[in-house]
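A quick write-up on the structure given underneath.
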Amino acid sequence: MISTLRFPRRSYTGWGSIAKLFEELEDLKPSRILVVTDQTLVKIGLVHQYLSPLNKQFNVSLYTDVEPEPSLACAERLAAYAREGGFDCVIGLGGGSALDLAKIAAVISQNEGDTADYLNLSGTRKLKTRGVPKILIPTTSGTGSEVTDIAVVSLEGTKDVVTHDFLLADIAIVDPQLTLTVPKRITAATGIDALTHAVEAFLSVNANEATDALAIKAVELIAGSLRNAVENGENQEARTAMSYGSYLAGLAFFNAGVAGVHALAYPLGSQFKLPHGESNAVLLPYVMKTISSTCRNKLNRVCNILTNHGEERSEEEILTLFYKLVESVGLPTTLKEYGIPESSLTSLTEDAIKQKRLLARSPKPLGKDEIYQIYQMAFNGLN
């Protein structure tokens, strides 16, 4: 099998790598920089701490109209702003929402039409222009958006993406010191999100030896550091391991793809505004149980890393292991806990089945019956 691997043009990782930002900008010599970030990072001073020095040498505009799980309207507003502003460089600083929107600002603004015209499920246009240089800097360890060519937007009832090589970062800067102030719950949710990326990439029908190596190393790093990062957020060793783990998981799933967990998570985010990481976390145990019969050897390898104990596991044991992992970092393990009514499972299923791009990568085909059963299990939990 012939495999193709894609990466950002250049990545910097490690403690203090944010210092490379100024160096890169000096090479680019932009006349107008657009920084896409969110109000929270402005309020806690992180934006000022790391980006204010740029104002001495560059013309920088700050854009903070960033929604969690950004809507199509949010993306359209930003693309219009970027088009009108004439920016020749975009910096995305924040979680997955800010980074995805930064990609849209850099690319859609330089192409004709609106963001809606380029959506995977319903768009009719093809991107023709690469857009302006984009520098993506994550402040959480989870989404992997800094190394993918995908921008996700929420629609009525579901989600869709703009995906193209043009959206891939020119520069990715993954500095764990930017994650020190992330609250416990967000650390937990983004950490499980990163783990899900690694696991789904490892189990994907598109996996290869290179993506397997990236995914397994990501699982090892996350398994060894997630609980510590949640409980002791200022632990530099744990934050660094989570940062590397998320980065490697992002590279793995960008090249091998994610599947069932993400396909079912999208409707939860769109219909009920669940944060993406938590949507993945609440579904992860039940999807793993459902697909385990078709990927038992690989899934057992993941489980053995998570528990540091080698053994063969049944479907129920796999379910319980992932359930307890999510529970151990303080996240809900059932849809009931989010107040999602059982009556909504049908509409969730109808929206999830539309995610053919994601479902096609599942090692076990997931039709409407299987998807509904997964939602039903996630509603009831282990009871």
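In what follows, residues are counted from 1 in the order of the sequence shown.
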Validation row: [X], [Y] side chains within 4.5 angstrom (heavy atoms):
X: L251; Y: P8; value: yes
X: L335; Y: N380; value: no
X: D100; Y: I104; value: no
X: L136; Y: I171; value: no
X: T334; Y: F379; value: no
X: E315; Y: I318; value: no
X: I135; Y: V90; value: no
X: S61; Y: R32; value: yes

For [X] and [Y], indicate whether the former's side chain and the latter's backbone hold a donor-acceptor pair under 3.5 Å.
X: S362; Y: A259; result: no
X: E76; Y: T115; result: yes
X: S204; Y: N206; result: yes
X: S246; Y: S243; result: no
X: D351; Y: P267; result: no
X: E234; Y: L180; result: no
X: Q355; Y: K159; result: yes
X: R227; Y: L325; result: no

Under the criterion side-chain hydrogen bond (donor to acceptor under 3.5 Å, both in side chains), I'd like the reasoning laid out for R10 against Y12: C-alpha separation, chi angles, the key distance, then a yes or no. CA-CA 7 Å; R10 183 155 55 249; Y12 297 104; 3.3 Å; yes
Can you hop from L101 to I137 via hydrophobic side chains spaced under 4.5 Å?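 No, no single cluster joins them.
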Out of curiosity, does L72 fall in the hydrophobic cluster containing L268 (side-chain heavy atoms, cut-off under 4.5 Å, transitive links)?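 No, it is not one cluster - the side chains of L268 and L72 are not joined through contacts under 4.5 Å.
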Show me the donor-acceptor pairs, under 3.5 Å and distance only, between side chains in residues 366-373 and residues at least two apart or in other chains.
residue: K368; atom: NZ; partner: E350; partner atom: OE1; Å: 3.3
residue: K368; atom: NZ; partner: E350; partner atom: OE2; Å: 3.4
residue: E370; atom: OE1; partner: G367; partner atom: N; Å: 2.9

Should the ring pair Y286 and Y323 be called parallel, tilted or perpendicular, given that the plane angle runs from 0 to 90° and is split at 30 and 60?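 Geometry flag for Y323 against Y286: perpendicular rings.
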Among all residues two or more places apart in sequence or in another chain, which pass the side-chain contact (heavy atoms from CB on, under 4.5 Å) test with [X]?
X: A210; answer: L5, N208
X: R185; answer: E278, L331, P332, Y338
X: R357; answer: N120, I150, V161, Y266, R361

Residues forming a salt bridge (charged side-chain N to carboxylate O under 4.0 Å, His left out) with E209, sequence neighbours excluded: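 Expected list: none.
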Sidechain N-carboxylate O distance under 4.0 Å for [X], [Y]:
X: E69; Y: K273; value: no
X: R296; Y: E312; value: no
X: K134; Y: D170; value: yes

Which pairs with one or both residues in residues 317-338 pass salt bridge (Lys or Arg N to Asp or Glu O under 4.0 Å), sequence neighbours excluded?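 For residues 317-338, and leaving out neighbouring residues, there are no salt bridge (Lys or Arg N to Asp or Glu O under 4.0 Å) pairs at all.
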Should L62 and V47 be marked as a side-chain contact (heavy atoms from CB on, under 4.5 Å) after you check the CA-CA gap, both sets of side-chain angles, and the distance that decides it? CA-CA 10 Å; L62 200 62; V47 172; 4.0 Å; yes
Is it true that the side chains of [X] and [Y] contain a donor and an acceptor less than 3.5 Å apart?
X: H262; Y: N280; answer: yes
X: S145; Y: K103; answer: yes
X: S31; Y: D88; answer: yes
X: Q177; Y: Q236; answer: no

side-chain contact (heavy atoms from CB on, under 4.5 Å) for T211 and F253? Distances and angles first, verdict last. CA-CA 8 Å; T211 60; F253 93 79; over 6 Å; no
I need the minimum non-hydrogen distance between F7 and L168, along with the two atoms involved.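 Closest heavy-atom pair between F7 and L168: O-CD2, 3.0 Å.
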Could you report the tightest heavy-atom contact between L99 and G92, atom names first, then the distance?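 Smallest interatomic distance, heavy atoms only, reads CD2-O, 3.3 Å.
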Gap separating the [atom1] atom of [X] from the [atom2] atom of [Y], nearest 0.5 angstrom:
X: L41; Y: L46; atom1: CG; atom2: CG; result: 5.5 Å
X: T13; Y: E146; atom1: OG1; atom2: CD; result: 10.5 Å
X: L93; Y: T64; atom1: CG; atom2: OG1; result: 12.0 Å
X: F322; Y: T196; atom1: CZ; atom2: OG1; result: 8.5 Å

Any chance CG of D165 has more than 12 other-residue heavy atoms, nucleotides or ligands included, within less than 6.0 Å?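 Yes.
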Are more than 12 heavy atoms from other residues, nucleotides or ligands located less than 6.0 Å from atom CZ of R313?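 For R313, atom CZ is crowded (more than 12 foreign heavy atoms under 6.0 Å).
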side-chain hydrogen bond (donor to acceptor under 3.5 Å, both in side chains) between S11 and Y247, intermediate numbers included: CA-CA 10 Å; S11 296; Y247 172 72; 3.2 Å; yes
Which residue, D175, N232, T187, forms the side-chain hydrogen bond (donor to acceptor under 3.5 Å, both in side chains) with R239?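 Single side-chain hydrogen bond (donor to acceptor under 3.5 Å, both in side chains) partner of R239 among D175, N232, T187: T187.
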Measure from NZ or CZ of R130 to the centre of the six-membered ring of F166, then state whether that distance is under 6.0 Å and the direction lies within 45° of the axis.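 The answer is no, since R130 fails at least one limit relative to F166.
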